[in-house]
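Taking it in order: structure first as structure tokens, then the write-up.
Every chain is numbered from 1, with letters handed out A, B, ... down the list of sequences.
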2 protein chains.
Amino acid sequence: MQSDLYNIGQAAKASGISAKMIRHYEEVGLLPAASRTFSGYRTYNHQDVHMLRFIRHSRDLGFSIKQIADLLSLWRDRNRPSSKVKQMALEHIEMLNQKIQELISMKSELTRLVSCCHGDERPDCPILDELAQDK
Amino acid sequence: MQSDLYNIGQAAKASGISAKMIRHYEEVGLLPAASRTFSGYRTYNHQDVHMLRFIRHSRDLGFSIKQIADLLSLWRDRNRPSSKVKQMALEHIEMLNQKIQELISMKSELTRLVSCCHGDERPDCPILDELAQDK
DNA sequence: TTAGACCTTACAACTATGGCAAGGTCAAGC
DNA sequence: GCTTGACCTTGCCATAGTTGTAAGGTCTAA
């Protein structure tokens, strides 16, 4: 049966990863080289698409390609200790926290500046003044 | 007097932007081409350093190069309405908010997964299971 | 047989920043 | 005058992830 074979466009639709990125992931080694038809088209089966979905979900959570490679090898290792996965997740949460804090402090500083600016037709602007300050 | 002239290294120290990035900003047109000594060294005066500080403060608040170019032109325009600056700042705050929300939802989803995982020597792991789910 | 939708590769762009290499310049000390 | 070390110059490469484009081959339906 051919019913479980996808070409790259179908795999893209089924997984939510663009064909472009599937090729890219293959090139950088995140995915094994896909098998090919006689004419050179990549083909994917259900399991491949399953792996693509795994990758997409990991990306949606903000894991890097490198981290996803590690997650994939843990996924494939039937004997992994779940503590390893949990540790990776915890480290990633910590990184997310740092980024969130950075963005929040940018936001509060900018909010402070905005509240000082009357924002009308007059040219004097405390936002620009503070940006230009030597500090 | 030469006391108000900086070469690129001194301008970098005084502004907090690396010499590398100063050259880069010049190349992409964020900065006007610096004047040069006879031997080709870039030179900067107080006003240039002032502008560099403006750029650094804007970067610290997360503005992109394109946005900083707009801020700079408002800064130079003695007749700008402060409402324009305020609007840019508000839009940027909105973008920061979006990013913050994205990161927070990643974090809470991941936190949920982590709390489901016992994280010991056993291989069964709800985190990997959910990542692999078709959803 | 032809049109259109798909596939292939390869190259470049984008965000901002850092690193390295090969070479020129400047200032201090001998 | 010459050497040394710190600084400057340009240019190219790398990061991470994604998108776009170009030139060409393949498949399918009319």
Side-chain angles (χ1 to χ4, degrees), chain A residues 2 5-31 33-44 48-49 52 54-72 92 95-96 98-99 102-103 106, chain B residues 2 5-31 33-44 48-49 52 54-72 92 95-96 98-99 102-103 106:
Chain A
Q2 300 224 11
L5 283 188
Y6 302 73
N7 64 25
I8 199 169
Q10 295 163 330
K13 257 187 202 158
S15 67
I17 300 182
S18 70
K20 195 91 182 172
M21 289 312 297
I22 294 177
R23 293 191 194 98
H24 177 65
Y25 290 157
E26 177 180 324
E27 198 188 357
V28 300
L30 182 60
L31 293 171
S35 48
R36 306 277 187 137
T37 66
F38 182 74
S39 58
Y41 283 22
R42 289 173 178 81
T43 60
Y44 301 90
D48 296 326
V49 171
L52 287 172
F54 183 99
I55 292 173
R56 185 174 61 80
H57 292 156
S58 306
R59 291 282 317 128
D60 289 346
L61 290 175
F63 284 102
S64 69
I65 302 240
K66 176 69 190 63
Q67 289 173 312
I68 296 175
D70 295 343
L71 286 174
L72 275 175
H92 188 52
M95 209 207 56
L96 290 173
Q98 277 187 24
K99 284 193 186 172
E102 276 174 33
L103 292 180
M106 287 182 192
Chain B
Q2 299 224 12
L5 283 188
Y6 303 72
N7 64 25
I8 199 169
Q10 296 162 330
K13 257 186 202 160
S15 67
I17 299 183
S18 69
K20 192 89 183 177
M21 289 312 297
I22 294 177
R23 292 191 195 99
H24 177 67
Y25 290 157
E26 177 180 326
E27 198 187 358
V28 299
L30 182 61
L31 294 172
S35 48
R36 306 278 186 136
T37 66
F38 181 74
S39 58
Y41 284 22
R42 290 173 177 81
T43 59
Y44 301 89
D48 296 327
V49 171
L52 287 172
F54 183 99
I55 292 174
R56 185 174 62 80
H57 293 157
S58 306
R59 291 281 319 128
D60 289 345
L61 290 175
F63 284 101
S64 70
I65 302 240
K66 176 70 190 64
Q67 289 174 313
I68 296 175
D70 294 344
L71 285 174
L72 275 175
H92 188 51
M95 209 207 57
L96 289 173
Q98 278 185 24
K99 283 193 186 172
E102 277 174 31
L103 292 180
M106 287 183 193

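Interatomic distance, B:M21 CE to B:I8 CD1, rounded to the nearest 0.5 Å: 11.0 Å.
What separates CG of A:L5 from P of C:dC6 is a distance of 19 Å, to the nearest Å. A straight line from CD1 of B:I68 to C1' of C:dT15 spans 12 Å, rounded to a whole angstrom. Counting to the nearest Å, the P atom of C:dT17 and the CG atom of B:L30 are 11 Å from each other. The interatomic distance linking A:L31 (CG) with D:dG17 (P) rounds to 13 Å, in whole Å. Rounded to an integer number of Å, the gap from CD1 of B:I8 to P of C:dC26 is 16 Å. Atom C1' of nucleotide D:dT28 and atom CD of A:Q10 are separated by 13 Å, given to the nearest angstrom.
The shortest distance between the side-chain N/O atoms of B:R56 and the OP1/OP2 oxygens of C:dA16 is not below 4.0 Å. Applying the 4.0 Å criterion to OP1 and OP2 of C:dT9, one finds that A:R42 has a side-chain N or O inside that range. The side chain of A:R59 contributes an N or O atom lying less than 4.0 Å from OP1 or OP2 of D:dG17. Listed pair B:S39 / C:dG24 fails the phosphate criterion, with no side-chain N or O lying under 4.0 Å from OP1 or OP2.
Spacing of P atoms, C:dC11 relative to D:dA14, comes out at 13 Å, to the nearest Å. Comparing the P positions of D:dG17 and C:dT8 gives an interatomic distance of 22 Å, to the nearest angstrom.
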Let me have DNA chain D in dot-bracket notation, would you? Count Watson-Crick plus G-U wobble pairs, both distances under 3.5 Å, and use [ ] for pairs crossing earlier ones and | for inter-strand partners. ||||||||||||||||.|||||||||||||
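For the salt bridge (charged side-chain N to carboxylate O under 4.0 Å, His left out) test, no residue two or more places apart in sequence or in another chain qualifies with B:R59.
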Step-by-step side-chain hydrogen bond (donor to acceptor under 3.5 Å, both in side chains) determination, B:T43 to B:T37: CA-CA 7 Å; B:T43 59; B:T37 66; over 6 Å; no
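Using a distance-only test at 3.5 Å, with no hydrogens or angles considered, a donor-acceptor pair links the side chain of B:Q10 to the main chain of B:N7. A distance-only check finds a donor-acceptor pair linking the side chain of A:H92 to the backbone of A:L61 [under 3.5 Å].
Residues B:F63 and B:Y41 both approach DNA chain C. Their nearest nucleotides, taken by heavy-atom distance, put B:F63 toward the 5′ side.
Here the nucleotide nearest the side chain of A:N7, chosen from D:dT10, C:dC7, C:dC26, is C:dC7. Proximity note for A:S64 (side chain, C-beta onward) versus D:dG17, C:dT8, D:dC7: the nearest is D:dG17.
DNA chain C lies under 4.0 Å from at least one heavy atom of each of the following residues of residues 12-25 of chain B: B:S18, B:K20, B:M21, B:H24, B:Y25.
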